[in-house]
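Numbering of residues begins at 1 and proceeds along the displayed sequence.
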Amino acid sequence: MSADQQESRVGKASAGKLAILYDGSCDMCRASLDGIRQFDNSGKMEPLDLHDEEVRAKFPELKMENLLEELHAVDEDGRVYRGARAINEILRRQRGLKGYLAYLWYVPGYAWLADRQYKRIAASRYQRDERGRLKGQPLQEN
């Protein structure tokens, strides 16, 4: 790729991809990304650790404090999706039945509920382990 082509990709995912900017220093975030990789049947996900200098240079308009607050996904046209909406965009790009899960977004109240739940979990993600359980809490037996 020439320098001009690379310059034109600043602020955008690679062609045909959805860049997923995740917090590589967060156990739960890394585990969530592993889940996305296993779930993905599109081959269009481009996971990028937001702590990587090259990633930060590729998306200079995105502020680090916002990136640390919630998951960001950026498409090849430079559209940015945040939080629960980013998860919905990941779902939307899946093939077959998995892709239909994205239509839940249009059920009245679902987007609001998904956004609130996402923010609640994201606010405590550094206190959670890779399974989303609060660290230091005893396991409950069933």
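Both Ile87 and Ile20 are part of a single hydrophobic cluster, where members link through side-chain heavy atoms under 4.5 Å apart. Placement of Leu48 and Leu50 within a single hydrophobic cluster is found when ILVMFWY residues are connected by side-chain heavy-atom separations under 4.5 Å, directly or transitively. Side-chain heavy atoms closer than 4.5 Å link hydrophobic residues (I, L, V, M, F, W, Y) into clusters, and following such links, even through other members, never connects Trp112 to Leu104. Placement of Tyr118 and Leu18 within a single hydrophobic cluster is found when ILVMFWY residues are connected by side-chain heavy-atom separations under 4.5 Å, directly or transitively. There is no path of hydrophobic side-chain contacts, each under 4.5 Å, that joins Met45 to Leu21.
Using a 4.5 Å heavy-atom cutoff, the side chains of Val10 and Pro60 are in contact. With a 4.5 Å cut-off on side-chain heavy atoms, Val55 and Tyr22 do not count as touching. Proximity of Gln38 to Leu33: side-chain heavy atoms (C-beta onward) are nowhere separated by under 4.5 Å.
Residues Asp49 and Gly24 come closest through the heavy atom pair OD1-N, 3.2 Å. Residues Cys26 and Cys29 share a closest heavy-atom pair of SG-SG, 2.7 Å. Taking each heavy atom of His72 and Val80 in turn, the nearest pair found is CD2-CG1, 3.8 Å. Leu67 and Arg56 get closest at one heavy-atom pair: CD1-NH1, 3.2 Å. Of all non-hydrogen atoms in Ala19 and Phe59, the two that sit nearest each other are CB-CZ, 3.9 Å. Of all heavy-atom pairs between Ser42 and Asp40, the closest is OG-OD1, 2.5 Å.
The structure places NZ of Lys44 at 9.5 Å from CD of Gln94, a figure rounded to the nearest 0.5 Å.
In summary, Arg30 and Asp34 do not engage in a salt bridge, as defined by a charged side-chain N under 4.0 Å from a carboxylate O. Ion pairing between Lys58 and Glu54 fails under the 4.0 Å rule for side-chain N and carboxylate O.
Applying the side chain to side chain donor-acceptor pair (under 3.5 Å) criterion to Glu46, with sequence neighbours excluded, gives Ser14.
Around atom CD of Glu61, more than 12 heavy atoms belonging to other residues, nucleotides or ligands sit under 6.0 Å away. Surrounding CD of Glu65 are more than 12 heavy atoms belonging to other residues, nucleotides or ligands, all under 6.0 Å away. Environment of OH in Tyr103: sparse, with no more than 12 heavy atoms of neighbouring residues, nucleotides or ligands closer than 6.0 Å. The local environment of NZ in Lys98 is crowded, with over 12 non-hydrogen atoms from other residues, nucleotides or ligands closer than 6.0 Å.
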Requested in this report: Given side-chain contact (heavy atoms from CB on, under 4.5 Å), test Asp115 with Tyr110 step by step and report yes or no.
Outcome: CA-CA 8 Å; Asp115 188 55; Tyr110 180 83; over 6 Å; no
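Judged by a 6.0 Å distance limit and a 45° cone about the ring axis, Arg85 is positioned over the six-membered ring of Trp105.
Checking His51 against Asp23 by side-chain atom types alone, a donor-acceptor pair falls below 3.5 Å. For the residue pair Arg79 / Tyr81, a side-chain donor-acceptor distance below 3.5 Å is found, with atom types taken as modelled.
Side chain of Lys119 to main chain of Ala84: no donor-acceptor pair is present (N/O by atom type, distance under 3.5 Å, no hydrogens or angles). Glu76 places no side-chain N or O within 3.5 Å of a backbone atom of Ala13 that could act as its donor or acceptor partner.
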